Asker: 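First the structure, then my questions, so here it is.
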Amino acid sequence: MRKRTLLLAATLTTGLLTVALPGTATAAPSGLAGDFNGDGYRDVAIGADSAKVGSVSGAGAVVVLYGSSTGVSAAKKTVITQNSTGVPGTAEEGDRFGNSLAAGDLNADGYADLVVGAQYEGVGTFDGVGAATVIWGSKSGLTGGSALPSPAGLNEWGGYSSGVATGDFDGDGKTDVTVTGQSRTGLYKGPFARTGKPVSLTDVYEVGSTYEVIAGDLDADGAAERVYPYTVSSDHGGVINYLSHDPGNESHPESDYIGTELTEADGHQGVVGDINGDGYGDLVLGDHEDPRSDKKTGHKGGQISVWYGSATGPDPEQTPTVIHQDSTGVPGAGEAEDLFGAALSVGDINGDKYADVAVGAPGEDNGTAKSSGSVTILFGSATGLKGSGAKSYTQNTAGVPGSNESYDAFGQSVRLVDINKNGKADLVAGAGGENNYGAVTVLRGSASGLTTTSAKYLSARDVSLKGDASFGWVIAQ
C-alpha cells in the first residue's frame with residue numbers, strides 16, 4: 001500500500017417512498033437509498049481514485065456493483081470516469097475522481113444518484129482545488145452527470161470535495177448535499193435540476209477547516225444533523241460540533257442551523273445509526289490515532305465511541321460507550337498504528353432490528369504481514385453497542401478469500417448494506433493496497449452474523465481498472 005493521507009468520507013442517506021410514474025406500465029423505481037437502477041436491490045459504489053484512464057495516471061474512477069438476489073458480481077457493473085459519456089470534465093492526471101462518494105435521490109425521481117468528489121480537479125483558473133459531480137440514477141443504472149457549482153473563495157490548496165454527504169438537512173422532504181474540504185464547506189439545498197443546479201448554495205464557515213463530514217438524524221425530527229470533525233492545536237483528538245436545523249433561533253438569527261459541541265468527544269470519522277433501537281440515530285466516532293505528546297486522549301491502536309441520540313440530540317454530558325481492541329470480548333489487542341476506527345459503517349447484520357457496527361483497522365499487523373488489516377463487527381443491543389460476541393475478520397480467516405499480505409490494508413473502507421434483499425446487511429470491505437491496485441471482499445449477513453458462505457472477492461483487475469487504482473479506498477455509504 002502506498003503511503004498517503006487517510007481521507008475517508010462517512011455518509012448517510014435516507015430512503016424515500018416508492019414513486020409512481022404516471023402514464024407508464026413499467027414498475028416504479030424502488031426509492032431505496034443506494035438503489036441506482038430502481039430494481040429494489042441496493043447497489044454498491046466503490047472509489048478507485050488512483051485508477052489510470054486510458055494513458056492518464058491518477059485520473060480516478062468509480063465502480064458501481066449492482067445488487068441482486070445473488071449479491072454482486074463483476075458481470076453486472078458500471079465503471080464511471082470523467083471520460084464516460086455525459087460526465088462533465090476530462091480525465092486528467094491527478095484529478096482523483098472518486099476520492100469521496102455519497103448516494104441520495106437528488107432530483108426526487110425515485111432513483112438514487114451518486115455524488116462523486118474529485119479531490120484535485122481544476123476549476124476555472126484554479127488548478128487542483130477539487131470539485132463534485134452528480135451521476136444520475138435511472139432504470140439502466142448510473143449514467144450521465146452534472147457538475148455541482150463551486151462555493152466562493154476556492155484557492156489553490158486543493159482538497160475541496162474530500163468529504164461529501166447527503167441527507168434532508170432542513171426537514172422539507174428533499175435530499176440536500178454537503179461538500180467539504182480546504183476551509184470551505186458548501187451546503188446545497190435540494191431538489192436539484194438535472195443541470196446540477198440546487199435550490200440554493202450556502203458557504204458554511206463556522207465549522208473550521210475539515211476534510212470529513214458525517215450526516216444523520218440524531219433527534220428523530222426528520223432533519224439530519226451534520227458533523228464536520230476538525231482538529232485545532234489545543235485538541236488534536238478532533239473537535240466534534242454537530243449542526244441542527246433550527247430556523248429563527250435567537251442565538252444565531254442569521255442562520256437556520258445551530259451548533260452543539262460534544263466537548264468530551266474525539267474522532268476523525270463517523271457514521272450515524274440506531275444502535276439501541278430507541279428510534280434516535282446514534283453518532284459513532286472513530287478515533288484511530290494513537291495517544292501522543294500533543295494528543296493525550298484515545299487508546300493505543302485506536303478506539304471508537306458511541307454518543308446516543310435523543311429527542312434533543314446527543315447529550316454532551318452523557319458517558320459514551322467506548323470500545324477498542326482491549327475491551328472485554330473484542331478480539332485482538334491494541335497495538336501502535338493499528339488504526340482501529342479508521343473506517344466505520346452501520347447496518348443490521350443479523351436482522352434483530354439493532355444497528356451493528358463494522359470497524360476497519362487497516363494498519364493491523366497479522367503475524368509478519370504488516371498493515372494487512374482487519375475488520376471487527378460489534379453488535380447493537382437495547383443497552384447499546386457491546387463488546388461481547390464481537391467477531392474479527394482478516395484475509396486469513398477461514399472462508400474469507402485471499403491471504404494476509406503486508407500493506408493490503410484490508411478494512412481501509414467498510415460498508416454494511418443489504419445487497420440481496422434478505423433483510424440482513426452484508427459487509428463490503430475494501431483493501432486499497434491489495435496487490436498494489438486494490439480489491440473488495442463481500443461477506444453475507446445472516447441471523448447468526450456474517451457468514452463466509454458465498455463470500456466474494458473482486459480486485460481492480462476483475463472490474464477492468466488499470467494502474468495503481470486504489471480500488472476499495474472508499475465506499476459510498
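Computed over heavy atoms, backbone and side chain alike; hydrogens, waters and symmetry mates excluded. Numbers here simply count residues along the sequence, with the first being 1. This one's a predicted model, so the numbers in the text were calculated from it and none came from an experiment.
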Asker: Check Ala361 against Phe340 and note the closest heavy-atom contact, atom names and distance.
Answerer: CB-CA, 3.7 Å
Asker: Answer yes or no on whether Arg226 is positioned over the face of Tyr242, meaning its NZ or CZ is under 6.0 Å from the six-membered ring centre and within 45° of the axis.
Answerer: no
Asker: Do Ile349 and Leu450 pass the side chain to side chain contact (heavy atoms under 4.5 Å, CB included) test, and can you show the C-alpha distance, the side-chain angles, and the key distance before you say yes or no?
Answerer: CA-CA 7 Å; Ile349 295 171; Leu450 291 180; 3.9 Å; yes
Asker: As an exercise, state the distance from OG1 of Thr166 to OH of Tyr188, rounded to the nearest 0.5 Å.
Answerer: 14.0 Å
Asker: Check whether any side-chain N or O of Asp95 sits under 3.5 Å from a backbone N or O of Ala59 as a donor-acceptor pair, and report yes or no.
Answerer: no
Asker: Supply the atom-to-atom distance Ser244 OG to Ile258 CD1, rounded to the nearest 0.5 angstrom.
Answerer: 8.0 Å
Asker: Could you walk me through whether Ser345 and Gln477 pass the side-chain hydrogen bond (donor to acceptor under 3.5 Å, both in side chains) test, one step at a time?
Answerer: CA-CA 8 Å; Ser345 188; Gln477 296 284 343; 3.0 Å; yes
Asker: Is there a side chain to side chain contact (heavy atoms under 4.5 Å, CB included) between Tyr393 and Ser374? Walk through the geometry before answering.
Answerer: CA-CA 6 Å; Tyr393 299 84; Ser374 69; over 6 Å; no
Asker: Main chain of Val53, side chain of Lys466: is a donor-acceptor contact present, judged purely on distance under 3.5 Å?
Answerer: no
Asker: Does Val417 reach the side chain of Asp426, with side-chain heavy atoms less than 4.5 Å apart?
Answerer: no
Asker: What distance separates Lys456 NZ from Arg444 CZ, expressed to the nearest 0.5 Å?
Answerer: 6.0 Å
Asker: What is the distance from atom OG of Ser305 to atom CG of Leu285, rounded to the nearest 0.5 Å?
Answerer: 4.5 Å
Asker: Should Phe471 and Arg461 count as side-chain neighbours, where that means a heavy-atom distance under 4.5 Å?
Answerer: no
Asker: Any donor and acceptor pair, going by atom type alone, linking the side chain of Thr178 with main-chain N or O of Gly186 inside 3.5 Å?
Answerer: yes
Asker: Does the side chain of Leu218 reach to within under 4.5 Å of the side chain of Leu283, using non-hydrogen atoms?
Answerer: yes
Asker: Which value, rounded to the nearest 0.5 Å, describes the distance between Leu385 atom CG and Asp282 atom CG?
Answerer: 9.5 Å
Asker: Could you tell me whether the side chain of Asp170 reaches within less than 4.5 Å of the side chain of Asp176, counting heavy atoms only?
Answerer: yes
Asker: Would the distance check show the side chain of Lys76 and the main-chain N or O of Ser73 forming a donor-acceptor pair, the cut-off being under 3.5 Å?
Answerer: no
Asker: Any sub-3.5 Å donor-acceptor pair from Asn99's side-chain atoms to Ala118's backbone N or O?
Answerer: no
Asker: Looking only at the side chains, is there a donor atom on one of Tyr211 and Gln119 sitting less than 3.5 Å from an acceptor on the other?
Answerer: no
Asker: Mind listing the closest non-hydrogen atom pair of Phe36 and Ala112 along with its distance?
Answerer: CD2-O, 3.2 Å
Asker: Does any non-hydrogen side-chain atom of Tyr41 lie less than 4.5 Å from one of Asp418?
Answerer: no
Asker: For residues Arg96 and Ser50, is any side-chain donor paired with an opposing acceptor at under 3.5 Å?
Answerer: yes
Asker: Knowing that exactly one of Thr78, Asp35, Asn37 qualifies, which makes a side-chain hydrogen bond (donor to acceptor under 3.5 Å, both in side chains) with Tyr66?
Answerer: Thr78
Asker: So, the side chain of Asp168 versus the backbone of Gly173: is there a donor-acceptor pair under 3.5 Å, distance only?
Answerer: yes
Asker: Are Lys353 and Asp274 ion-paired here, with the side-chain N under 4.0 Å from a carboxylate O?
Answerer: no
Asker: Donor-acceptor pair, distance only, cut-off 3.5 Å: does the side chain of Arg415 make one with the backbone of Ala476?
Answerer: yes
Asker: Minimum heavy-atom separation for Ile214 to Gln269, with atom names?
Answerer: CD1-C, 3.9 Å
Asker: When you measure from the side chain of Asp43 to the backbone N and O of Gly67, does any donor-acceptor pair fall under 3.5 Å?
Answerer: yes
Asker: Considering all heavy atoms of both residues, which atom of Asp462 and which atom of Tyr457 are nearest to each other, and what is their separation?
Answerer: OD2-O, 4.0 Å
Asker: Report yes if the side chains of Thr90 and Gln82 come closer than 4.5 Å at any heavy-atom pair, otherwise no.
Answerer: no
Asker: Is a side-chain donor or acceptor of Thr175 paired with a backbone partner of Asp105 at a separation under 3.5 angstrom?
Answerer: yes
Asker: Has Asn83 got a side-chain atom pairing as donor or acceptor with Ala91's backbone, closer than 3.5 angstrom?
Answerer: yes
Asker: Any side-chain donor paired with an acceptor under 3.5 Å for Trp136 and Ser146?
Answerer: yes
Asker: Listed by chain and number, what are the side-chain hydrogen bond (donor to acceptor under 3.5 Å, both in side chains) partners of Ser140, not counting sequence neighbours?
Answerer: Ser138
Asker: Side chain to side chain contact (heavy atoms under 4.5 Å, CB included) for Lys189 and Lys174? Distances and angles first, verdict last.
Answerer: CA-CA 8 Å; Lys189 177 177 169 56; Lys174 308 299 183 183; over 6 Å; no
Asker: How long is the span from the NE2 atom in His236 to the CG atom in Asp266, to the nearest 0.5 Å?
Answerer: 11.5 Å
Asker: Looking at every heavy atom in both Gly286 and Leu344, which two are closest together, and how far apart are they?
Answerer: N-CD1, 3.4 Å
Asker: Output all residues satisfying ring pair (Phe, Tyr, Trp, His ring centres under 6.0 Å) with His245, sequence neighbours left out; order by chain, then residue number.
Answerer: Tyr257
Asker: Going through the checks in order, is the side chain to side chain contact (heavy atoms under 4.5 Å, CB included) test met by Ser161 and Glu121?
Answerer: CA-CA 9 Å; Ser161 80; Glu121 175 76 13; over 6 Å; no
Asker: Is any side-chain heavy atom of Ile46 closer than 4.5 Å to one of Leu65?
Answerer: yes
Asker: Give the minimum heavy-atom separation between Tyr280 and Ala220, together with the two atoms involved.
Answerer: CD2-CB, 3.5 Å
Asker: Is the shortest heavy-atom distance from the side chain of Tyr308 to the side chain of Asn276 under 4.5 Å?
Answerer: yes
